[in-house]
Amino acid sequence: TYDSGPAIQAAVNSIDPLSAHPTSGAASEMGGTVWLPVDDDGAYGIGTAVRTTYGQAIEGLGGWARCVCITTGLDYMFGVDSHNGVLGARNCGIKRLMLDGADKAEIGLYVGRSVLNVFEDIRIQDCTDAGLVLDRGQNNVFINIDCDGNGDAASANGCGLRLENGCGTN
């Protein structure tokens with residue numbers, strides 16, 4: 001299966017994260033969206049993690065886009081994390097995605113050091129650790145998130161949602 005991660009990341013990187021910074025101007029000029037058309041013939045193979053920062057969104061187009069992990073031991077499939085490690089990845093969004101860890105990815109969606117993001121209509125399944133990890137984030141909105149079948153039931157590792165390092169007002 002083809003690794004779609006680098007192509008998706010290249011599309012995300014084409015959105016200038018600095019144009020979405022709150023000091024850059026009017027909200028209408030902020031960020032952009034990478035659309036993942038729904039494909040009846042299969043799924044997007046994710047062998048390389050995809051990461052967004054300021055104002056970069058990823059959305060399924062025409063329904064829920066299915067993304068399946070194809071690399072064993074991948075830390076996470078999709079991440080919203082701050083630029084240069086400073087608190088503040090903001091105005092990002094991930095919507096209408098089905099993330100299938102295929103018992104290869106540790107985490108489906110990692111949200112770290114991030115604020116003011118919207119996550120909607122996401123299903124995360126079969127990750128070896130947690131489906132969703134929220135790490136040092138605040139004022140994020142989560143709507144219709146379904147995490148099922150994550151972790152290793154035999155050893156009691158993993159969960160649907162893990163909160164780390166002071167997550168408040170989410």
Side-chain angles (χ1 to χ4, degrees), residues 1-102 104-127 131-135 137 140-147:
T1 301
Y2 177 75
D3 183 3
S4 300
I8 296 170
Q9 187 66 61
V12 168
N13 291 347
S14 73
I15 301 168
D16 181 7
L18 296 180
S19 70
H21 196 275
T23 61
S24 68
S28 62
E29 298 174 5
M30 293 184 177
T33 301
V34 172
W35 299 98
L36 299 181
V38 173
D39 184 354
D40 292 335
D41 295 330
Y44 294 92
I46 303 296
T48 307
V50 177
R51 178 175 172 258
T52 66
T53 60
Y54 293 115
Q56 299 165 326
I58 301 172
E59 294 189 30
L61 178 63
W64 295 54
R66 185 166 177 258
C67 301
V68 178
C69 182
I70 60 172
T71 301
T72 300
L74 188 65
D75 289 340
Y76 60 85
M77 293 176 66
F78 285 81
V80 175
D81 202 352
S82 62
H83 184 67
N84 294 329
V86 178
L87 180 63
R90 60 182 68 222
N91 301 325
C92 295
I94 295 182
K95 297 180 182 180
R96 290 184 300 281
L97 294 185
M98 297 175 70
L99 305 180
D100 183 349
K104 295 178 181 178
E106 292 180 20
I107 297 166
L109 176 59
Y110 174 80
V111 180
R113 298 180 301 250
S114 300
V115 298
L116 303 172
N117 301 296
V118 177
F119 304 91
E120 185 173 2
D121 295 331
I122 301 171
R123 177 173 172 74
I124 307 168
Q125 65 186 34
D126 298 328
C127 294
L132 169 62
V133 172
L134 183 56
D135 182 11
N140 294 295
V141 177
F142 297 87
I143 302 168
N144 194 27
I145 309 298
D146 181 16
C147 295

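Computed from heavy atoms alone, side chains included, the values below leave out hydrogens, waters and symmetry copies. Note that the structure is predicted; figures quoted are calculated from it, not measured.
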Which pair of non-hydrogen atoms, one from [X] and one from [Y], has the smallest distance, and what is that distance?
{"X": "Glu106", "Y": "Cys127", "value": "O-CB, 3.4 Å"}
{"X": "Ile107", "Y": "Val133", "value": "CD1-CG2, 3.6 Å"}
{"X": "Cys69", "Y": "Gly101", "value": "CB-O, 3.4 Å"}
{"X": "Leu36", "Y": "Tyr44", "value": "C-OH, 3.5 Å"}
{"X": "Gly108", "Y": "Ile124", "value": "CA-CG2, 3.9 Å"}
{"X": "Val68", "Y": "Ala43", "value": "CG2-CB, 3.8 Å"}

Would you find a donor on one side and an acceptor on the other, under 3.5 Å apart, between the side chain of Asn117 and the backbone of Val115?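 Yes; at least one donor-acceptor contact below 3.5 Å.
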State whether the side chain of Ser114 and the backbone N or O of Gly112 hold a donor-acceptor pair below 3.5 Å, judged by distance alone.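 The answer is yes, because a donor-acceptor pair under 3.5 Å joins these two groups.
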Is there a side-chain contact between Val80 and Gln56 (heavy atoms, below 4.5 Å)?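 Answer no - side chains too far apart.
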Considering only heavy atoms from C-beta outward, does the side chain of Leu99 approach that of Cys67 to under 4.5 Å?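 With C-beta onward as the side chain, the pair touches.
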Can you measure from [atom1] ([X]) to [atom2] ([Y]) and round to the nearest 0.5 angstrom?
{"X": "Asn13", "Y": "Arg51", "atom1": "CG", "atom2": "CZ", "value": "9.0 Å"}
{"X": "Phe78", "Y": "Leu97", "atom1": "CZ", "atom2": "CG", "value": "5.5 Å"}
{"X": "Leu109", "Y": "Met77", "atom1": "CG", "atom2": "CE", "value": "10.0 Å"}
{"X": "Ile58", "Y": "Trp35", "atom1": "CD1", "atom2": "CH2", "value": "12.0 Å"}
{"X": "Lys104", "Y": "Leu74", "atom1": "NZ", "atom2": "CG", "value": "11.0 Å"}

Apply salt bridge (Lys or Arg N to Asp or Glu O under 4.0 Å) to Asp121 and Lys95, showing your working. CA-CA 6 Å; Asp121 295 331; Lys95 297 180 182 180; over 6 Å; no
Assess whether salt bridge (Lys or Arg N to Asp or Glu O under 4.0 Å) is satisfied between Asp81 and Arg113, documenting all intermediate values. CA-CA 6 Å; Asp81 202 352; Arg113 298 180 301 250; 3.2 Å; yes
Of all pairs that satisfy side-chain hydrogen bond (donor to acceptor under 3.5 Å, both in side chains), the ones with a partner from residues 59-80, not counting sequence neighbours: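 As it turns out, the side-chain hydrogen bond (donor to acceptor under 3.5 Å, both in side chains) pairs with a partner in residues 59-80, which skip direct neighbours, are Glu59-Arg96, Arg66-Asp100.
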Walk me through whether Ile122 and Phe142 qualify under side chain to side chain contact (heavy atoms under 4.5 Å, CB included). CA-CA 9 Å; Ile122 301 171; Phe142 297 87; over 6 Å; no
Stepwise side chain to side chain contact (heavy atoms under 4.5 Å, CB included) test for Ile46 and Ile8: CA-CA 9 Å; Ile46 303 296; Ile8 296 170; 4.0 Å; yes
